Amino acid sequence: MITRRHANALLVAAAVLPNAVTAQAPDFYQLQRDVVFGTPAEFDTALETIQRRGDPDMAAGLITALRFTQRPRYTITDVLAAITGEAGARTWFDWMLWQERHPKIVPHPSYADFKRELFLGIDPNFDVFLRAKHIRREAMRIRLEEITWGGVRKDGIPSLDNPELIPADGAGYMRDDDLVFGVSINGDTRAYPLRIMGWHEMFNEVIGGVPVALAYCTLCGSGILFETKVPGRSEPLVFGSSGFLYRSNKLMFDRATHSLWNQFTGRPVSGELVDCGIELVQRPVVIDAWTNWRTANPETRILSLNTGHRRDYGSGVVYRAYFGSDDLMFPVNVDQSLHRQKDYVFGVRQFGGAKAWPISAFAKNPVINDGLLDRPLVLIGNAATRTARAYERGALSFTGDVGGLTSKDGTH
């Protein structure tokens, strides 16, 4: 027989049951932690829970865990296959490529906290880049799940800030065929050897009265020179290397706000400056053999080996194995139907568009008449030294080589 007291007890139980069920719901943050840090039993339970739930929103956490866990990785990939339907991916590299191809799969909200904790365990100084308000999905211009650790801590690749320069005659350490970044602004001409910059990937300078920074991503072979005085700020920005990558391209940061910036675009992608509408102005920079640059610019100054850091600045030393391989060190989807993924290209981003030409094309023809959108261009290049320049040509077409141009109407 059910008494009134029993009936009241059942009503109370019915009233609290939904909350009780909620209290027993999985802690998704903890599940991701257990895949990396948990005991064998916690690891197994976490994967079973994630697989039973069957939602691909946990894929980002599992892909991140694949790189850092000490537990059996094949077990994680089996669960990833079950919740995503992707059967062909097996390694962290594979799954990162899969993730890039599936931007519509949004990670579980707990992923940001999990990734933050994981990266702070690598370097507590990453905290300045990973503040909770800055890594919310709506606050970022790139996907958090595609930001990878590049293998170094914050400033682990130290920038050169106003480094020592010497006259060309004092650079006895240089070989004629060593490549340099050549910069000339308002008559101030300088050379920055790649054999040195490969260890530093960034310099902050004032050249010809203009504050600039060179952002060199060794992984993608690109060196871009940016003006660092931006509207709304009284002082030029000073940049460093964060230790993070996005699609095998370095994420640099400014030391004033610790916002992360895309090295290719010169735009902030997370942090305090992300909504400020800033895009750094580019300045011309060329790559050339030291002998060519010095001959054309006899008054040039060049980096001293006295950088304040102990590195092997020998010719061809830095990233030798990487440059000698066809493989990438970090994952990014690349269309290789026409060119290999590590082929050098000369790119122009201007006039509201962008276009790239393979450096190898200049081996057959050092002068290329082409265009970008409705702007006719002439490109002059040297495949051996990776040197290329582009100029607007109007209605003219040119022949010749890097030593001089002749228009088809005979004008030199």
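Quick caveat, the model's predicted, so the values are computed rather than measured.
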Taking atom CD of Gln51 and atom CG of Asp78, what is their separation to the nearest 0.5 Å?
8.0 Å
Supply the atom-to-atom distance Met58 CE to Thr84 OG1, rounded to the nearest 0.5 angstrom.
13.5 Å
Look at the rings of Tyr111 and Phe114 and say which category their plane angle falls in: under 30° parallel, 30 to 60° tilted, over 60° perpendicular.
tilted
Measure the CZ-CG distance between Arg73 and Leu62 for me, rounded to the nearest 0.5 Å.
13.0 Å
Starting at OG1 of Thr228, measure out to CD of Glu235 and round the result to the nearest 0.5 Å.
10.5 Å
Given 3.5 Å as the limit, does a donor-acceptor pair link the side chain of Arg283 with the main chain of Phe226, or not?
no
Between the CZ atom in Arg195 and the CG atom in Leu303, the distance rounded to the nearest 0.5 Å is 11.0 Å
Residue set satisfying salt bridge (Lys or Arg N to Asp or Glu O under 4.0 Å) with Arg247, at least two apart, ordered chain then number -> Glu100, Glu146
Drop me the distance from Ile287's CD1 to Tyr192's OH, to the nearest 0.5 angstrom.
15.0 Å
Are more than 12 heavy atoms from other residues, nucleotides or ligands located less than 6.0 Å from atom CD of Gln282?
yes
What pairs with Ser242 under side chain to side chain contact (heavy atoms under 4.5 Å, CB included), at least two apart in sequence or on another chain?
Phe129, Phe244, Leu251, Phe253, Leu260
One pair to check against side-chain hydrogen bond (donor to acceptor under 3.5 Å, both in side chains): Ser222 and Gln263. What are the steps and the verdict?
CA-CA 9 Å; Ser222 65; Gln263 181 260 358; 3.2 Å; yes
Please walk me through it: do His134 and His258 pass ring-ring contact (aromatic ring centres under 6.0 Å, His included)?
CA-CA 11 Å; His134 292 148; His258 290 97; over 10 Å; no
Looking at the rings of Tyr313 and Tyr173, which for Trp means the six-membered one, are their centres under 6.0 Å apart?
no
Tell me, with the steps shown, if Thr218 and Glu201 meet side-chain hydrogen bond (donor to acceptor under 3.5 Å, both in side chains).
CA-CA 7 Å; Thr218 50; Glu201 298 195 358; 2.6 Å; yes
Quick one: which of Thr387, Val367, Ile368 gives a side chain to side chain contact (heavy atoms under 4.5 Å, CB included) with Phe362?
Ile368
Among residues at least two apart in sequence or on other chains, which ones pass side chain to side chain contact (heavy atoms under 4.5 Å, CB included) with Arg116?
Leu120, Asp127, Leu130, Ile135
Do Asp275 and Arg141 meet the salt-bridge criterion of a basic N to acidic O distance under 4.0 Å?
yes
Answer with yes or no after comparing the ring centroid distance for Trp95 and Trp98 against a 6.0 Å cut-off, counting only values under it.
yes
Determine whether Arg71 and Val35 satisfy the following criterion, side chain to side chain contact (heavy atoms under 4.5 Å, CB included), listing intermediate values before the conclusion.
CA-CA 8 Å; Arg71 303 297 176 197; Val35 176; over 6 Å; no
Determine, step by step, whether Trp290 and Trp293 satisfy the ring-ring contact (aromatic ring centres under 6.0 Å, His included) criterion, reporting the C-alpha distance in whole Å, the side-chain angles of both residues, the deciding distance to 0.1 Å, and the verdict.
CA-CA 5 Å; Trp290 169 233; Trp293 181 259; 8.5 Å; no
Could you tell me which non-hydrogen atom of Ile157 sits nearest to which non-hydrogen atom of Trp199, and how far apart they are?
CG2-O, 3.4 Å
Any donor-acceptor pair under 3.5 Å from Arg340 side chain to Asp343 backbone
no
Between Asp188 and Arg301, does at least one N-O distance fall below 4.0 Å, as a salt bridge requires?
yes
